[in-house]
Structure formats: C-alpha cells, structure tokens
Amino acid sequence: MAFIEIENLSVAFGRSMALRGINLSVERGEAVGLVGESGCGKSVTWLAALGLLPASATVRGSVWLDGKDILGAPKARLEPVRGGRIAMIFQDPAASLNPVHRIGRQIGEALTLHRRMKGEQARAEVIRLMDQVGIPDAKNRFNAYPHELSGGQNQRVMIAMALAGEPELLVADEPTTALDVTIQAQILDLLTTLRRDTGMAMVLISHDLGVVSETCSRIAVMYAGRIVEEAPSERMFSHPSHPYTRGLLGSLPPLTGPRQRLVAIPGSVPEAARMPKGCAFAPRCGLSTELCTDVDPTALPMADEHNAACIFAKPYQADIHLVRDRSAFIRERAMQ
Amino acid sequence: MLHYVLSRLLRAAVSIVMVVTFVFVVLRMSGDPATVIMGADAPPEAIDAFRKAWGLDQPVWIQYFAFFEAVFSGELGRSMRDGRDVVAVVLERVPSTLSLTVPAFLINIAVGIPAGVHAALHRNSLIDRCVMVMAVTGFAVPSFILAMLLVLIFSVNLGWLPSAGQDSWLNAILPIATMGFGGAALLARFTRSAMLEVLGQSYIRTASAKGLPWPAVVWRHALQNAAIPTITIIGFMLGGLVAGAVVVESVFSWPGVGRLLVVSVANRDLAVVQAIVLMIAMTMVAANMVVDVLYGLVDPRMQGQARGARR
C-alpha cells in the first residue's frame with residue numbers, strides 16, 4: 001500500500017478551480033517530482049492535503065494515509081501528521097522562518113512537538129540536526145536569527161526543522177527556486193543524501209524538469225490543476241506522451257549539439273475561473289482538434305506506471321525524434 | 001552603540017529646538033500680549049511699561065536668544081498673568097492631566113489590542129465587523145463630539161455623571177471614557193491590520209506545517225511580529241500622556257495641562273505656553289526613544305541596525 005494516496009482531490013477558491021481532480025500516490029521511500037508552471041496547483045495539492053489552505057478554499061476528495069482519510073480531519077488528528085509524518089519546506093526560506101525567533105528555537109519547537117524533547121536534550125539534538133544539514137559552526141549559529149544567515153543557510157535550517165519530526169515524507173516546495181544556482185545544486189545534493197540516509201520519501205515540487213529528473217525516480221506533470229502525465233523519470237524523457245510534456249521538454253536547452261533557439265509553448269495557462277470546455281491544454285496545443293475542445297480527457301495508461309491525459313496519446317508511439325518534429329511544428333504555429 | 005545613542009540624542013535636541021522656535025515666533029507674530037493682558041483700553045503708558053518689563057520691546061531675535069539663554073540656565077520665566085514661576089504653574093497641573101490620560105492609556109491598550117487581534121483572527125465575522133465599525137467611528141468622530149455626546153447621554157438625559165469640573169472621581173469617568181474609546185479604536189484598527197499582514201506571511205504557514213496548534217501559532221509566531229507596527233502607535237499615545245488631553249480637558253473643564261495651554265494661548269501668556277510646548281516636545285521625544293528601545297527588544301533586525309550604526 002502506498003504511504004499516501006491522494007484521490008480525486010479538488011480545490012476551489014470561490015469560483016476558481018485550483019485543482020480539478022488530482023490522483024497521486026507516493027510509496028514509502030520514493031522520490032516523486034511534481035512539475036508544472038506557476039499556478040498549476042503543485043503547492044496547493046500538498047497544502048490542501050495537510051489542511052493548510054485558508055478556510056475560504058473548498059476542498060473535496062480524499063487523502064489516504066495508513067488507510068485513513070485525513071482530508072478535513074479534525075486538528076487533533078492533523079497536527080501530529082504535519083511535521084511529524086509529512087514535513088514541508090518552502091520556496092523562500094528567508095520568508096518562511098520567523099524573523100523574530102532564533103533559528104535554534106524554531107528547530108527545537110518541532111522536536112518538542114513531535115519527539116517530546118526539551119531543554120538540554122533538545123538543544124543537543126538541534127545542533128546535531130544543524131550539523132547533519134551542513135550548517136557550519138552549528139553551536140554558535142544556534143542563537144542566530146534568520147536575517148543573519150544566507151538564503152542557502154536558511155533553507156538548510158528549514159530542512160533541519162523538517163527533519164526534526166523524523167517525517168516519513170518530505171514535501172519540498174520549490175526548495176531551490178529562490179537560491180543561487182551553485183547553492184541550488186548543494187541543496188538538491190543534501191536532499192538526496194538525507195533521503196538515502198533516513199529512508200524518507202520525498203515529493204519535489206518544481207517548475208524545472210531538469211531539477212526534478214536528477215533527484216526523482218518518478219515524475220508527475222501538472223497543468224491547470226490536473227496531472228496530465230505521470231511516468232518514471234527516464235521514460236518521461238524518452239517517451240513523453242502528452243503534448244504539454246513534449247512542449248516542456250522542447251523548451252529545455254540541450255547540453256550537446258549546435259546552439260539553437262529554444263521552443264516556447266505558445267499562449268498562456270488558462271485562468272482558473274475561465275477554464276475552457278474540454279481539454280485545458282487544447283487552446284495551446286498543436287495537435288488539438290474539435291474533439292479536444294469537447295472532451296475532457298482522463299488519464300490513459302501508456303505503459304506500466306505511465307499515464308497520460310490526452311486523447312491522442314498512444315502507447316509507445318512517441319520518441320525523441322518526434323519531440324523535435326513537434327518542436328518544429330510548434331515553432332511554425334507560433335510564427336503564423 | 002554609544003554613537004547610536006548620541007546621534008539619537010542630538011536629533012532629539014534638534015527636534016525640540018525647532019518646535020520651541022516655531023512656537024516662539026508664531027506666538028509673537030500672532031498677537032500682542034500687552035494689549036491682551038492689560039486690556040485693549042489700557043492707557044498707552046501702562047502698555048509700554050508692560051512691554052518693557054517683559055522685554056517685548058526688544059526685536060524678536062534678541063528675545064529669542066534671551067529665552068534660550070534663560071532655558072539653558074534652567075529659568076523658564078514667569079507667568080505674565082500672576083508672576084509665578086511657570087514651571088510651578090505647569091507642574092501643578094500635571095497630576096490632574098495624568099489622572100485622565102494614564103487610565104485612558106491603559107484602556108486603549110487593554111481594549112484596543114485584544115479587539116484588534118480578535119478581529120483579525122476572526123476576519124469577516126460579526127465580531128470583526130463590529131470592531132471595525134467601532135474603530136472607524138472612534139477614528140472619524142472628533143473627540144469633542146464624542147465628549148458632548150457622552151455628556152448629553154450620561155449627564156443631561158440620565159443624570160448619572162457630572163458634566164464638568166473636578167469635584168470627585170465621578171468627574172473623571174466621562175473624560176477617561178472619551179479618550180479611552182478614541183485611542184482604543186485607533187489601536188484596534190492598527191493591531192488588526194498588522195495582525196492580518198502577519199497572518200498572511202510564509203512563516204505562519206511554516207509554523208502550522210510544523211504541526212503547531214493554531215493558538216500556539218498565534219501566540220508564539222504572530223503576536224510578536226504584529227507588535228512591531230503597533231508599538232509605533234503606542235509610542236504616539238505615550239507621547240500624548242502629558243498634554244494629549246487638550247480638547248477633552250476643555251470640554252469637561254478639567255484643570256489639567258491641556259486646559260492651561262488653551263487658556264494661556266488665548267491670554268498670550270507666552271512664558272506658560274513656551275514651557276508647556278517645551279514639555280510636550282520633550283515627552284514626545286522621550287516616547288520616541290522608548291519606542292526605539294521597544295523595537296530593539298521585539299525585532300532582532302532592529303538591533304542589527306543599531307549595531308550597524310556603530311560602524
């Protein structure tokens with residue numbers, strides 16, 4: 001049984017649908033990448049699962065943890081899960097730490113909550129965690145405030161805080177987006193090492209396919225509040241089936257070969273309040289037909305563990321050459 | 001740190017000098033004390049003699065330097081009305097004013113902050129709406145109108161409380177209520193918006209995601225951050241403790257510093273007005289310094305700035 005299974009999760013803010021039926025499961029110890037453009041619902045999925053959305057959000061569906069639905073569960077049941085079983089780290093580490101509390105205290109808070117540690121014992125464990133996440137001179141940094149540390153150091157503090165509850169799943173929500181490129185790589189390495197050492201599962205939320213492919217064994221691509229394609233990482237790159245995934249791959253700069261202009265996906269994401277009928281990607285899709293604007297596609301199996309939500313996606317059909325052909329196609333379309 | 005404190009003190013001194021200078025010049029340009037105090041129909045010789053006695057026949061800048069010389073030797077002058085030392089005249093009114101402003105200040109804090117926090121935590125609820133209506137009313141209605149309204153209800157119609165004077169503690173209730181309501185409304189508004197701002201911050205989400213129960217998130221993570229803008233308003237209120245009751249004291253004929261100020265301005269009792277203004281400026285500056293210290297206590301980033309100023 002999967003560690004956590006999100007089933008038909010939908011979230012609406014007023015009349016805007018932020019999520020339109022998400023199905024996603026994470027196995028114990030697994031690393032899953034969640035990829036998509038800003039606003040496609042990557043973060044909302046996990047905030048909703050942990051009950052962290054404001055009361056104005058309408059949340060439907062189920063989130064199964066150990067065979068129990070935790071969606072909309074009472075606080076007393078959710079609070080031990082938050083940080084204790086599923087921890088989250090966020091995009092902007094400096095803003096995610098309380099500016100008026102010392103970092104040692106902020107990490108220690110999670111220890112007290114989930115492992116009932118206090119005083120000297122908690123302090124020693126905080127320093128051990130800070131060491132583990134690679135904060136130099138942890139003993140002295142214990143009393144530092146977030147504004148006295150760099151962005152990368154603050155993200156390490158966030159990670160230490162997340163590890164404090166010994167979670168089974170770490171949801172890393174764009175953990176490197178606000179950081180320098182060199183620091184990005186360090187943080188990703190750290191996450192990989194920690195996952196290996198602790199055996200915890202990880203969901204890496206990112207808008208960057210490259211970041212995700214290095215770290216995760218499985219990737220789910222989201223578009224406009226829905227998962228449009230889900231596959232093991234290598235397969236996602238070798239056999240992308242959904243036109244949106246192919247578009248994303250086409251916009252990755254190749255590391256070898258001659259320099260060439262990158263292909264952008266034309267148009268922009270539909271507004272959540274004005275979702276088109278049929279497939280949400282149809283207005284931007286080079287392959288769309290009348291049928292696409294009529295039928296809202298569901299996820300179809302392409303291969304083992306590979307699903308795509310496109311009525312034209314066919315098993316084993318696409319390969320990397322097709323991606324290039326398709327890039328040319330999109331380019332022509334964009335020029336018209 | 002020493003450099004920081006010294007620069008603050010220097011700035012404070014400059015502000016005080018500017019305020020006092022402004023008042024000094026405006027008072028002398030806007031009316032002649034001699035004619036006001038002696039009466040318009042006094043004989044010209046008497047008026048001349050009065051001017052000479054108080055140095056008013058000198059050019060303004062000579063008067064100004066004479067005034068500052070006197071201030072630095074601790075001599076603030078004598079009341080033109082009764083010749084008493086102005087320090088004594090002013091100081092004897094201070095307890096009377098504080099007996100209104102201190103209770104009002106405590107009400108402001110005890111009512112305004114919890115009301116603002118509660119409203120923010122229950123945004124758009126009935127209580128939030130009520131607090132906001134009260135807050136906007138308290139903000140928009142001038143205190144003298146509120147004062148007269150209270151007099152109309154509790155003195156004229158119900159006859160429960162006296163409308164003016166200082167005969168017993170009952171007289172203090174309406175003025176304290178007037179100031180307490182206005183200040184609490186102001187503080188509630190600022191506290192609410194500060195709190196709403198803080199509740200929308202990422203670190204609040206982090207605290208919740210960590211598994212902290214909501215009351216602990218509010219107490220440990222939100223309140224201290226929301227205190228930062230609120231302290232600014234409390235600073236203004238602190239500065240107003242000594243002379244912030246000008247209007248209310250006038251409406252209720254309360255013999256405090258504020259009323260003395262109004263009467264002295266009307267009478268052109270220059271030395272008294274100057275002494276009061278000097279005192280107001282000094283309390284304001286002192287309140288500002290208290291605020292700076294409080295900022296440092298509440299927000300570690302401010303300590304960093306203070307340390308940075310040393311370099």
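Note on naming: letters A, B, ... go to the chains in the order of the sequence lines (proteins, then strands), and numbering restarts at 1 for each one.
The pair D66(A)-R28(A) meets the salt-bridge criterion, since a charged nitrogen lies less than 4.0 angstrom from a carboxylate oxygen. Look at R115(A) and E125(A) and you find a salt bridge, because one of the NZ, NE, NH1 or NH2 atoms lies within 4.0 Å of a carboxylate O, short of that distance.
Checked by atom type, the side-chain pair D128(B)/H122(B) shows no donor-acceptor distance below 3.5 Å. Side-chain atoms of E174(A) and H207(A) include a donor-acceptor pair closer than 3.5 Å.
With a 4.5 angstrom heavy-atom cutoff, L212(B) touches chain A via backbone and side-chain atoms both. When heavy atoms are compared at a cutoff of 4.5 Å, R85(A) does not approach chain B at all. Heavy atoms closer than 4.5 Å to chain B are found in both the backbone and the side chain of Q106(A). In this structure, chain B has heavy atoms under 4.5 Å from both the backbone and the side chain of P99(A). Contacts between L47(A) and chain B at a heavy-atom distance below 4.5 Å involve the side chain alone, from C-beta outward. For L97(A), the part lying under 4.5 angstrom from a heavy atom of chain B is the backbone only. Residue A95(A) touches chain B through both its backbone and its side chain, counting heavy-atom pairs closer than 4.5 Å.
Ranked by heavy-atom pairs under 4.5 Å with chain B, the list H101(A), M158(A), M88(A), E109(A) is led by E109(A). No other option in Q91(A), R102(A), H114(A) has as many heavy-atom pairs under 4.5 Å with chain B as H114(A).
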side-chain contact (heavy atoms from CB on, under 4.5 Å) assessment of M200(A) paired with L163(A): CA-CA 10 Å; M200(A) 67 178 174; L163(A) 292 179; 3.7 Å; yes
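Nearest heavy atoms, A287(B) versus L238(B): CB-CB, 3.9 Å. Counting all heavy atoms, side chain and backbone alike, A48(A) lies closest to V59(A) at CB-CG1, 4.3 Å.
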